[in-house]
Amino acid sequence: MAADSLFRPFTHKSLTLKNRIVMAPMTRSFSPEGVPTPEVAAYYRRRAEGDVGLILSEGTVVARPSAKNDPNVPDFHGERALAGWKRVIDEVHAAGGKMGPQLWHVGSARNPMTTWVAPPPVDAPSGLSSPGKHFTEPMTDEAIADTIAAFGKAAADAKRLGFDVVEIHGAHGYLIDQFFWSGTNVRTDAFGGATLAERSRFAAEVVKSIRAAVGKDMVIILRLSQWKQQDFTVKLAQTPDEMTAWLTPLVEAGTDILHCSQRRFWEPEFEGSELNFAGWAKKLTGKPTITVGSVGLSGEFTAAFRGESSKPASLDNLLRRLEREEFDLVAVGRALLSDAQWAQKVRDARHDELQDFTKEALARLA
Ligand SMILES: Cc1cc2nc3c(=O)[nH]c(=O)nc-3n(C[C@H](O)[C@H](O)[C@H](O)COP(=O)(O)O)c2cc1C
């Protein structure tokens with residue numbers, strides 16, 4: 001199938017993109033002491049030169065002591081780190097690209113790849129690392145307020161440095177998702193509750209804090225997932241009505257685009273419809289959405305961490321859905337991690353030049 005639908009421009013508020021391809025946020029851990037290096041800037045610049053419509057950075061952390069779980073993950077606070085990010089966005093803009101940082105706080109999620117431990121206090125809504133598993137003390141009111149403010153401050157810095165959008169990492173079992181999930185949020189105050197709408201309060205406050213910091217025109221993207229790294233089978237919303245209850249307060253708080261993370265984009269979200277998560281999120285909220293998950297590759301991404309390779313795969317199913325406008329944008333992870341020219345190869349139908357994804361790609365910034 002011709003890939004024309006991927007190469008139509010997209011506009012929302014102050015953001016105009018030349019095509020529908022988004023580089024998915026991917027942690028690379030190449031920023032010693034949290035400072036993005038010139039090599040990191042060159043890595044993102046190459047994706048802009050390769051005609052990626054919107055680049056989302058790897059998760060980059062807000063100013064809380066334990067926001068990261070790996071010392072080489074970049075900070076989005078402090079003079080040196082922000083100077084590194086300024087270089088990144090200037091190089092991406094010089095190459096004609098658009099970009100936003102993915103603002104992140106890991107909460108109580110540890111990193112199996114490292115023994116490094118962040119300084120306390122660890123922030124987790126109820127002090128749990130997974131359902132029933134005590135890890136630390138529940139977040140105090142003061143820690144919650146400070147964390148919400150830290151997201152707002154990081155977003156203000158993103159705008160000041162010249163970034164085009166801001167993405168909030170609300171997915172995959174990290175801090176914000178730990179508030180959504182009843183398995184890790186058993187609080188009895190205003191940040192907890194029996195319903196998803198009640199447990200969305202923390203994320204909504206983060207969105208509001210960011211909106212207040214960046215003004216009304218800058219696009220705020222919120223990344224969400226039903227699945228958790230602690231349990232791939234979890235579904236926060238079991239029905240469309242529950243999904244509406246989850247997403248409505250987030251949209252009302254000021255989210256512009258919902259980034260709906262699946263491991264395989266073609267999997268239906270609810271029985272009786274082929275719509276995926278991004279399809280339902282768009283239908284239920286009317287907001288633009290981004291889909292993601294094994295686009296253009298045969299295997300899903302968590303297998304990559306176990307060393308599994310993936311082969312190029314057909315885009316036809318994705319293109320049919322995009323043509324039906326089930327979602328607006330398409331995030332691509334590993335295919336773009338290993339090949340900065342992926343978008344151009346797809347546009348020009350150079351299919352025989354598309355590469356396998358292999359674990360070696362994770363070891364370098366190519
Ligand atoms: C090396 C690597 C690092 C990742 N780091 C992040 C991250 O920092 N934030 C995030 O939201 N998702 C992260 N992800 C998930 C990707 O954004 C994406 O959702 C996933 O790879 C599925 O897309 P793909 O199948 O096209 O690779 C990461 C994935 C990979 C492979």
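The analysis underlying the following values was restricted to heavy atoms, covering all of them including side chains, and did not include hydrogens, waters or symmetry mates. Residue numbers count from 1 along this sequence. Order of appearance sets the numbers: ligands from 1, and atoms from 1 within every ligand.
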Query raised in the report: How about E274: does its CD atom have over 12 heavy atoms from other parts shown lying under 6.0 Å from it?
Result: no
Query raised in the report: In ligand 1, which numbered atoms sit nearer than 4.0 Å to a non-hydrogen atom of S294?
Result: 24 (P), 25 (O), 26 (O)
Report summary line: Closest to atom 15 (C) of ligand 1 (heavy atoms only, candidates F301, F265, Y174) is F301
Requested in this report: For G59, counting its heavy atoms only, list the atoms of ligand 1 lying under 4.0 Å from any of them.
Outcome: 8 (O)
Requested in this report: Please check if any side-chain donor atom of T147 sits under 3.5 Å from a side-chain acceptor atom of H105, or the reverse.
Outcome: no
Query raised in the report: Does ligand 1 have a heavy atom under 4.0 Å from the side chain of H169, from its backbone, from both, or from neither?
Result: side chain
Query raised in the report: Quick one: nearest non-hydrogen protein atom to atom 6 (C) of ligand 1, plus distance?
Result: P25 O, 3.1 Å
**Report entry** For A24, atoms of ligand 1 separated by under 4.0 Å from a heavy atom
**Finding:** 17 (O)
Query raised in the report: Touching ligand 1 at all, F357? Heavy atoms, strictly under 4.0 Å?
Result: no
Requested in this report: Run the numbers for me: atoms of ligand 1, each under 4.0 Å from some heavy atom of L362, listed by number.
Outcome: 1 (C)
Query raised in the report: Can you check whether S261 has an N/O within less than 3.5 Å of an N/O in ligand 1?
Result: no
Requested in this report: Check the side chains of E269 and Q226 for a donor-acceptor pair under 3.5 angstrom, ignoring hydrogens and angles.
Outcome: yes
**Report entry** From T27, I290, V22 - option closest to atom 8 (O) of ligand 1 by heavy atom
**Finding:** T27
Query raised in the report: With a 4.0 Å cut-off on heavy atoms, is G293 touching ligand 1?
Result: yes
Report task. Pull out every atom of ligand 1 sitting under 4.0 Å from any heavy atom of R334, numbered as shown with elements. Result -> 24 (P), 25 (O), 26 (O), 27 (O), 31 (C)
Query - Side chains of S108 and Q178, donor plus acceptor under 3.5 Å - result: yes
Query - Side chain, backbone, both or neither: the part of R223 lying under 4.0 Å from ligand 1 by heavy atom - result: side chain
Query raised in the report: Just checking, any donor-acceptor pair under 3.5 angstrom between side chains of D328 and H12?
Result: no
Query raised in the report: Does an N or O from G333, backbone or side chain, lie closer than 3.5 Å to an N or O of ligand 1?
Result: yes
**Report entry** Residue pair E58 / Y44, side-chain donor-acceptor N/O under 3.5 Å
**Finding:** yes
**Report entry** ligand 1 contact on R263 by region, counting heavy-atom pairs under 4.0 Å
**Finding:** neither
Query raised in the report: Does E300 reach ligand 1, in the sense of a heavy atom lying below 4.0 Å from it?
Result: no
Query raised in the report: What's the shortest distance from atom 2 (C) of ligand 1 to any protein heavy atom, and which residue and atom give it?
Result: F305 CZ, 3.6 Å
Requested in this report: Output yes when a side-chain donor or acceptor of T60 lies under 3.5 Å from a complementary backbone atom of D75, and no otherwise.
Outcome: yes
Query raised in the report: Should the pair Y174 and H169 be assigned to parallel (<30°), tilted (30 to 60°) or perpendicular (>60°) ring geometry?
Result: perpendicular
Query raised in the report: Just checking, any donor-acceptor pair under 3.5 angstrom between side chains of S310 and R334?
Result: yes
Requested in this report: May I ask whether A335 has any heavy atom positioned less than 4.0 angstrom from an atom of ligand 1?
Outcome: no
Query - Geometric cation-pi criterion, R263 with F301: 6.0 Å, 45° - result: no
**Report entry** Donor + acceptor pair across side chains of S309, T358 (<3.5 Å)
**Finding:** no
Query raised in the report: Just wondering, are more than 12 heavy atoms of other shown residues or ligands nearer than 6.0 Å to CD in Q238?
Result: yes
Query raised in the report: Among side-chain atoms of T233 and D231, is any donor-acceptor pair under 3.5 angstrom?
Result: yes
Report summary line: A student checking ligand 1 against V292 at a 4.0 Å heavy-atom cut-off should list atoms 19 (O), 23 (O)
Report summary line: The atoms of ligand 1 lying under 4.0 Å from a heavy atom of Q102, numbered in the order shown, are 7 (C), 8 (O), 9 (N), 10 (C), 11 (O)
Query raised in the report: Hey, is W104 touching ligand 1 through its side chain, its backbone, both or neither, going by heavy atoms under 4.0 Å?
Result: neither
